Amino acid sequence: MGRMNRFMRNGHSLILAYDQGIEHGPTDFDGRNVDPAFVVDIANKGGFDAFACQKGIAEKYHAELQIPLLLKLNAKTAIYGKDPVARQHCSVDYAVKLGASAVGYTIYIGSAHEAEMISEFGRIEEEAHAAGLAVVLWVYPRGEFVKNDTTREMVAYASRTALELGADAAKVKYTGDRESFAWVVKSAGKIPVYMAGGKKAEDEKEFLNQASEAVSAGAAGLAVGRNVWQSDDPLRTARRLNAVVIEGKSVSEALRL
Ligand code: FBP
């Protein structure tokens with residue numbers, strides 16, 4: 001696990017993601033979680049190993065953040081609908097100045113623009129490693145030629161891409177069942193795999209079941225946003241998620257917390 005060790009507890013890990021304001025737009029937010037301070041507080045108190053955000057949030061709220069910062073270096077909005085591209089807007093040097101412990105980057109494999117992102121990431125990965133930072137790669141198959149981004153083949157392609165491009169961890173979507181996700185984890189070789197949380201589940205049991213399946217398939221943990229900070233009781237959800245992912249408890253035990 002190497003550079004990711006500092007983000008692990010019992011070999012597992014939870015990252016709180018809060019970059020949806022640009023990736024999706026503020027439609028993801030309500031009156032509470034639109035305030036970054038509310039989500040930073042969840043990161044501090046909820047048992048998370050890193051907080052993932054864009055540089056503007058880090059600049060303005062870093063003083064309040066008490067856990068390691070995973071700074072995303074590229075971004076895009078959700079407005080343009082075709083083959084996506086997200087380009088670098090923040091340097092590794094600036095991530096170091098902001099106190100980041102890790103940097104994050106998203107590549108949309110299958111997009112007409114994947115070559116730009118792959119080459120940009122190659123440089124970032126070398127700069128970040130030279131500066132002693134861990135590198136987490138969000139890999140999402142997307143674009144005209146991607147019919148279904150959550151098949152076993154597509155998601156395994158994503159986790160393998162992260163390994164082959166030199167990332168220290170891969171963040172991918174869930175395939176929907178344990179067996180196929182085990183192949184995704186195996187395809188990533190030595191690097192830990194984080195499952196993305198996705199849209200908030202109808203009920204928390206469903207979300208925790210997915211988390212439990214992913215971990216039993218070998219995932220290191222989750223890099224999750226909406227299912228936590230859109231919860232009616234985010235700290236309770238975080239406590240339950242810790243029980244399942246870090247402490248290895250069953251979903252029914254976690255739900256009793
Ligand atoms: P969620 O748990 O809210 O899905 O967040 C995980 C995440 O990877 C975010 O870091 C990112 O903003 C978002 O999902 C990207 O989602 P999309 O699949 O819509 O591009």
Side-chain angles (χ1 to χ4, degrees), residues 7 13-30 32-34 36 38-39 42-43 46 48-58 69-87 89-90 100 102-111 113-114 117 135-143 146 148-151 154-155 158-159 162 167 169-176 184 193-202 204 206-208 210-211 214 219-231 234 237-238 240-241 244-245:
F7 307 104
S13 179
L14 285 170
I15 295 170
L16 189 65
Y18 190 57
D19 58 343
Q20 294 81 352
I22 184 160
E23 296 294 337
H24 298 157
T27 48
D28 275 1
F29 300 143
D30 61 21
R32 301 168 311 159
N33 54 42
V34 72
F38 176 82
V39 180
I42 297 167
F48 289 94
D49 302 288
F51 179 65
C53 66
Q54 296 285 352
K55 84 171 169 189
I57 303 279
L69 171 65
L70 193 179
L71 195 69
K72 294 283 302 273
L73 301 186
N74 69 336
K76 64 156 190 56
T77 73
I79 298 169
Y80 180 69
K82 278 198 180 163
D83 285 30
V85 60
R87 294 295 302 263
H89 61 80
C90 176
V103 292
Y105 188 93
T106 302
I107 292 183
Y108 300 103
I109 56 168
S111 161
H113 310 288
E114 70 168 21
M117 292 173 276
V135 178
V136 179
L137 191 58
W138 275 234
V139 198
Y140 294 145
R142 204 160 289 175
V146 179
N148 182 343
D149 64 347
T150 55
T151 62
M154 273 298 163
V155 186
S159 65
K171 180 180 178 191
V172 297
K173 290 206 169 162
Y174 191 51
T175 50
V184 170
V193 172
Y194 287 84
M195 179 185 105
K199 204 163 158 264
K200 187 164 174 296
E202 287 286 308
E204 198 161 286
E206 185 190 324
F207 166 62
L208 292 172
Q210 264 192 18
L222 275 80
V224 54
R226 289 166 287 179
N227 271 286
V228 172
W229 46 252
Q230 286 181 352
S231 162
T237 303
R240 289 172 169 170
L241 195 56
V244 169
V245 174

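The structure displayed is predicted, hence computed values, not measured ones. We count ligands from 1, going down the list as the structure has it; atoms in each ligand are counted the same way.
By the criterion of a heavy-atom distance under 4.0 Å, the side chain of E23, and not its backbone, is placed next to ligand 1.
When the options L70, V224, D49 are evaluated for a side chain to side chain contact (heavy atoms under 4.5 Å, CB included) with I15, the one that passes is L70.
The shortest contact between atom 12 (O) of ligand 1 and any protein heavy atom is with D19 OD1, 2.7 Å. Protein heavy atom nearest atom 2 (O) of ligand 1, with residue, atom name and distance: G225 N, 2.7 Å. Ranking the protein heavy atoms by distance from atom 14 (O) of ligand 1 puts Y140 OH, 3.7 Å first. The nearest protein atom to atom 16 (O) of ligand 1, hydrogens excluded, is given as H24 NE2, 3.0 Å; this is a heavy-atom distance.
Salt-bridge formation is not detected for the pair R142/D83: no Lys NZ or Arg NE/NH1/NH2 atom is positioned less than 4.0 Å from an Asp or Glu carboxylate oxygen.
Of all the listed residues (R226, K76, K199), R226 holds the heavy atom that lies closest to atom 4 (O) of ligand 1. Scanning Q54, M195, K171 for the heavy atom closest to atom 7 (C) of ligand 1 points to K171. Proximity annotation for atom 20 (O) of ligand 1: of R142, Q230, Q20, K173, R142 comes nearest, heavy atoms only.
For ligand 1, the polar-atom distance check finds no N/O of K72 at less than 3.5 Å from any of the ligand's N/O atoms. Remark: ligand 1 and N227 share no N or O pair separated by less than 3.5 Å (distance only, no angle test). Considering backbone and side-chain N/O atoms, A196 never comes within less than 3.5 Å of an N/O atom of ligand 1. Geometrically, ligand 1 and A17 share no nitrogen or oxygen pair separated by less than 3.5 Å.
Here the NZ-CG distance, from K55 to L71, works out to 8.5 Å after rounding to the nearest 0.5 Å. Considering CD1 of I42 and CZ of F51, their distance stands at 9.0 Å, rounded to 0.5 Å.
The distance between the ring centers of F38 and F29 does not fall below 6.0 angstrom.
Neither side chain, T150 nor Y174, offers a donor N or O lying under 3.5 Å from an acceptor on the other. Side-chain contact check for T77 and E23: no donor-acceptor pair (N or O, by modelled atom type) lies under 3.5 Å.
With F207 as the aromatic partner, K200 does not meet the cation-pi criteria of under 6.0 angstrom to the ring centre and within 45 degrees of the ring axis.
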